[in-house]
Structures are given as structure tokens and as C-alpha cells.
Amino acid sequence: MEIIKFEDYKGLSENLGNEILDCMKSEEKTLICLASGDTPLGAFEYIVNELGDEDLSKYNFTFVGLDEWAGMDKDDFGSCQDYMEKYLFGKLKLGADQVIEFNAKAEDLENECKKMDDFIKSNGGLDLVVLGVGMNGHLGLNEPGVSFDNYSHVVELSENTKKVAQKYFDTERKLEKGITIGIKHFLEAKKEILVVSGEKKADIVKKLVEEEVNENVPATSAKLHKNSFLLIDRESSSKL
């Protein structure tokens with residue numbers, strides 16, 4: 001895992017934005033998996049500003065939704081899909097088939113996992129995956145203790161995730177389960193980028209960088225990837 005440090009969030013966001021844009025405009029067919037949340041917002045804004053009203057249906061990429069709270073979709077305020085629609089997908093001129101996401105309102109979530117796995121496999125795997133790192137080291141909704149051999153799966157949310165996630169909702173929501181792309185998919189992706197910003201993430205960055213690979217800190221799985229990068233700013237790297 002290569003560590004790239006930026007002086008500030010703006011520089012980090014522009015670099016990440018260009019990485020995503022390059023993948024979107026590739027002549028090859030590409031699958032791009034992006035995390036929602038606060039950290040990639042600057043990159044999303046950069047992408048939207050760069051592309052403007054350009055018709056993106058001419059490009060051969062598909063965005064693959066990373067995760068979702070069980071029982072929610074883009075019509076639920078604060079959901080992962082609502083977030084992505086609000087800050088990226090809904091601001092771009094995308095083709096109808098350029099976004100593939102879990103149906104987390106389905107009765108059979110295990111079947112949703114299978115459908116997502118089949119889609120990713122049939123399209124040659126993920127080309128680029130961009131992941132934030134949770135306060136407890138989770139990637140997507142892959143919580144501490146998760147097997148690195150999992151593809152898409154249904155998860156029981158940790159107490160930490162339930163608590164932190166409340167910031168995305170306008171009223172308190174009861175969160176118990178989620179559905180997420182698994183770490184095995186991340187490890188098989190052509191490129192994996194972890195992105196961390198802000199002083200509050202300094203402790204988990206220190207743990208990620210200094211600890212050996214272990215399932216209690218899912219983000220350490222990126223060290224097993226042959227083409228993985230950790231993008232950090234000055235504040236998040238302050239304890240290294």
C-alpha cells in the first residue's frame with residue numbers, strides 16, 4: 001500500500017477527483033465503486049465542476065453502489081444512495097444503465113448479494129474502488145471481525161457505526177443491518193484507494209499504517225493489495 005500525503009483536503013480531493021475521471025473516461029469498459037460519506041465530497045464536487053453538462057452516456061463506465069442500510073434506498077433521506085444521488089449521480093448526465101446499486105428494500109437480501117456478485121464477475125471485476133475508512137477501521141459496511149474472503153454480504157452493524165451514521169439523518173433512525181460489497185471484491189479490484197481526511201481520523205490512520213494486517217481493522221486488508229493507495233491530508237496524518 002503506497003501512502004500519499006497531501007498538505008490539505010483540497011489537494012487530496014483534486015487528486016482523487018482526477019483518478020476517478022481518468023477511470024470514467026477510459027476507452028476500456030470500467031466498473032467504478034465509490035464510497036459515500038463526508039471524505040469524498042470534495043472529489044465529487046471537483047468531478048461535477050470538471051464535467052459540467054457533458055453527456056457521459058458515451059463513455060463505457062458503470063458506477064457500482066458500495067453499500068446501503070437495510071430497508072432503505074435513494075428515496076430515504078440520509079441513505080447511502082440518497083447521498084450519492086444528491087452529491088454526484090444526480091448532478092451528472094448519466095445513461096440509464098450507468099449506475100448499479102443494491103435493492104436494500106428487497107425481502108431476500110442474500111439474493112441481492114448474489115445478483116451484485118454476478119454482475120461484478122460478469123463484467124470482469126471492479127476496476128477502481130474508492131473507500132473511506134471508518135472510525136473503527138471499517139471499509140464500506142465491512143465491520144471489525146469481518147472475513148477478508150467475503151464477497152457481497154449482509155452485515156450486523158457495530159454500535160460505533162450505528163452511532164456515527166446518525167449524522168446523515170434528519171431524525172434518529174434505527175439501524176441494525178446493512179448490505180455491502182465485500183473485501184474480497186476490493187482485493188480483486190485493479191486499483192484500490194483508501195481516502196482519509198481530518199484530525200478526528202488521526203488515530204485510525206496511525207493504527208492502519210502501523211498495525212499488521214488483521215480482521216479487527218478491516219482497512220488493513222488494503223496492505224494485501226498489489227495496487228493500493230492511502231490518500232491522507234496533514235491533519236489525518238498528524239500522529240504518524
Undergrad: Taking Gln98 for its side chain and Leu56 for its backbone only, find out whether a donor-acceptor pair lies under 3.5 Å.
TA: yes
Undergrad: Is there a path of hydrophobic side-chain contacts, each under 4.5 Å between heavy atoms of I, L, V, M, F, W or Y residues, that connects Val48 with Leu12?
TA: yes
Undergrad: Between the side chains of Asp38 and Tyr83, does any donor sit under 3.5 Å from an acceptor?
TA: yes
Undergrad: Angle between ring planes, Phe169 versus Trp69, binned at 30° and 60°: parallel, tilted or perpendicular?
TA: tilted
Undergrad: Does Leu41 share a hydrophobic cluster with Ile232, counting links as ILVMFWY side-chain heavy atoms below 4.5 Å and allowing steps through other members?
TA: no
Undergrad: Applying the side-chain contact (heavy atoms from CB on, under 4.5 Å) criterion to Ile193, which one of Leu230, Asn227, Leu128, Leu131 satisfies it?
TA: Leu128
Undergrad: Any side-chain donor-acceptor pair under 3.5 Å between Glu45 and Ser13?
TA: no
Undergrad: Above 12 or not: heavy atoms from other molecules or residues under 6.0 Å from NZ of Lys191?
TA: yes
Undergrad: I need the full list of salt bridge (Lys or Arg N to Asp or Glu O under 4.0 Å) pairs touching residues 227-240, with sequence neighbours left out, sorted by first then second residue.
TA: Glu7-Arg234, Asp203-Lys239
Undergrad: Grouping I, L, V, M, F, W and Y whenever their side-chain heavy atoms are under 4.5 Å apart, do Met135 and Leu157 come out in a common cluster?
TA: no
Undergrad: So Thr220 and Val217, do their side chains get closer than 4.5 Å, heavy atoms only?
TA: yes
Undergrad: Closest heavy-atom contact between Ala222 and Ser228?
TA: O-OG, 2.7 Å
Undergrad: Please say which of Lys114, Lys115, Lys121 ends up in a salt bridge (Lys or Arg N to Asp or Glu O under 4.0 Å) with Asp118.
TA: Lys114
Undergrad: So which atom in Ser221 and which in Leu139 form the shortest heavy-atom distance, rounded to 0.1 Å?
TA: OG-CD1, 3.8 Å
Undergrad: So, the side chain of Thr39 versus the backbone of Gly132: is there a donor-acceptor pair under 3.5 Å, distance only?
TA: no
Undergrad: Using only atom types and a distance under 3.5 Å, with no angle test, would you say the side chain of Lys74 pairs donor to acceptor with the backbone of Lys86?
TA: no
Undergrad: Just so I know, are the side chains of Val130 and Ile20 near enough to count as touching, which here means a heavy-atom distance under 4.5 Å?
TA: yes
Undergrad: Do Asp82 and Tyr168 have side-chain atoms, one donor and one acceptor, less than 3.5 Å apart?
TA: no
Undergrad: Decide yes or no on side-chain hydrogen bond (donor to acceptor under 3.5 Å, both in side chains) for Asp55 and Ser57, but give the supporting numbers first.
TA: CA-CA 6 Å; Asp55 180 6; Ser57 63; 2.7 Å; yes
Undergrad: Counting neighbours of CD on Gln166 that are heavy atoms of other residues, nucleotides or ligands and sit closer than 6.0 Å, is the number greater than 12?
TA: yes
Undergrad: Give me the atom names and distance for the closest heavy-atom approach of Leu109 to Ala70.
TA: CD1-CB, 4.0 Å
Undergrad: Do Met116 and Tyr151 have side chains that approach each other closer than 4.5 Å (heavy atoms only, starting at C-beta)?
TA: no
Undergrad: So does Lys190 get a backbone contact from the side chain of Asp127, meaning a donor-acceptor N/O pair under 3.5 Å?
TA: no
Undergrad: So do the side chains of Asn142 and His153 get within less than 4.5 Å of each other, counting heavy atoms only?
TA: yes
Undergrad: Going by side chain to side chain donor-acceptor pair (under 3.5 Å), name the pairs with one or both residues in residues 174-184, residues two or more places apart or in two chains.
TA: Lys162-Glu176
Undergrad: In this structure, are over 12 heavy atoms from other groups packed under 6.0 Å from Lys167 atom NZ?
TA: yes
Undergrad: Do Glu143 and Asn136 get their side chains close enough for a donor-acceptor pair, meaning under 3.5 Å?
TA: yes
Undergrad: Any ion pair linking Lys10 and Glu14 (charged N to carboxylate O, less than 4.0 Å)?
TA: yes
Undergrad: Would a distance-only check, ignoring hydrogens and angles, find a side-chain to backbone donor-acceptor pair under 3.5 Å from Asp76 to Ser79?
TA: no
Undergrad: Should we count CD of Glu210 as having more than 12 external heavy atoms under 6.0 Å?
TA: yes
Undergrad: May I ask you to check whether over 12 heavy atoms, not counting those of Lys29, lie within 6.0 Å of atom NZ?
TA: yes
Undergrad: With a 3.5 Å distance limit and no angle check, can you tell me whether Gln81 reaches the backbone of Phe102 through a side-chain donor-acceptor pair?
TA: yes
Undergrad: Name all residues meeting the side chain to side chain donor-acceptor pair (under 3.5 Å) criterion together with Ser152; count only those two or more places apart in sequence or in a different chain, and write none if there are none.
TA: Asp117
Undergrad: Looking only at heavy atoms, which two atoms of Glu68 and Cys80 are closest? And how far apart?
TA: OE1-N, 3.0 Å
Undergrad: Evaluate ring-ring contact (aromatic ring centres under 6.0 Å, His included) for Phe63 paired with Phe61, printing each intermediate quantity in order.
TA: CA-CA 7 Å; Phe63 286 124; Phe61 71 85; 5.1 Å; yes
Undergrad: Counting heavy atoms not belonging to Asp53, are there more than 12 under 6.0 Å from its CG?
TA: no
Undergrad: Using side-chain heavy atoms (C-beta onward) and a distance below 4.5 Å, is Val146 in contact with Ile183?
TA: yes
Undergrad: Please check this pair: side chain of His185 against backbone of Val129, looking for a donor-acceptor N/O pair closer than 3.5 Å.
TA: no
Undergrad: Are Asn15 and Leu231 packed together at the side-chain level, in the sense that at least one heavy-atom pair is separated by less than 4.5 angstrom?
TA: yes
Undergrad: Work out which heavy atom in Gly11 is nearest to a heavy atom in Asp8; give both atom names and the distance.
TA: N-OD1, 2.9 Å
Undergrad: Is there a donor-acceptor contact under 3.5 Å from the side chain of Ser26 to the main chain of Cys23?
TA: no
Undergrad: Can you give me the closest heavy-atom contact between Ile47 and Gly17, atom names plus distance?
TA: CG1-O, 3.9 Å
Undergrad: Does Leu240 offer a backbone N or O that forms a donor-acceptor pair with the side chain of Ser237 under 3.5 Å?
TA: no
Undergrad: If we count only N and O atoms by modelled type, under 3.5 Å, do the side chains of Tyr59 and Glu54 hold a donor and an acceptor together?
TA: yes
Undergrad: Okay, side chain of Asn123, backbone of Ile120: is any donor-acceptor separation there less than 3.5 Å?
TA: no
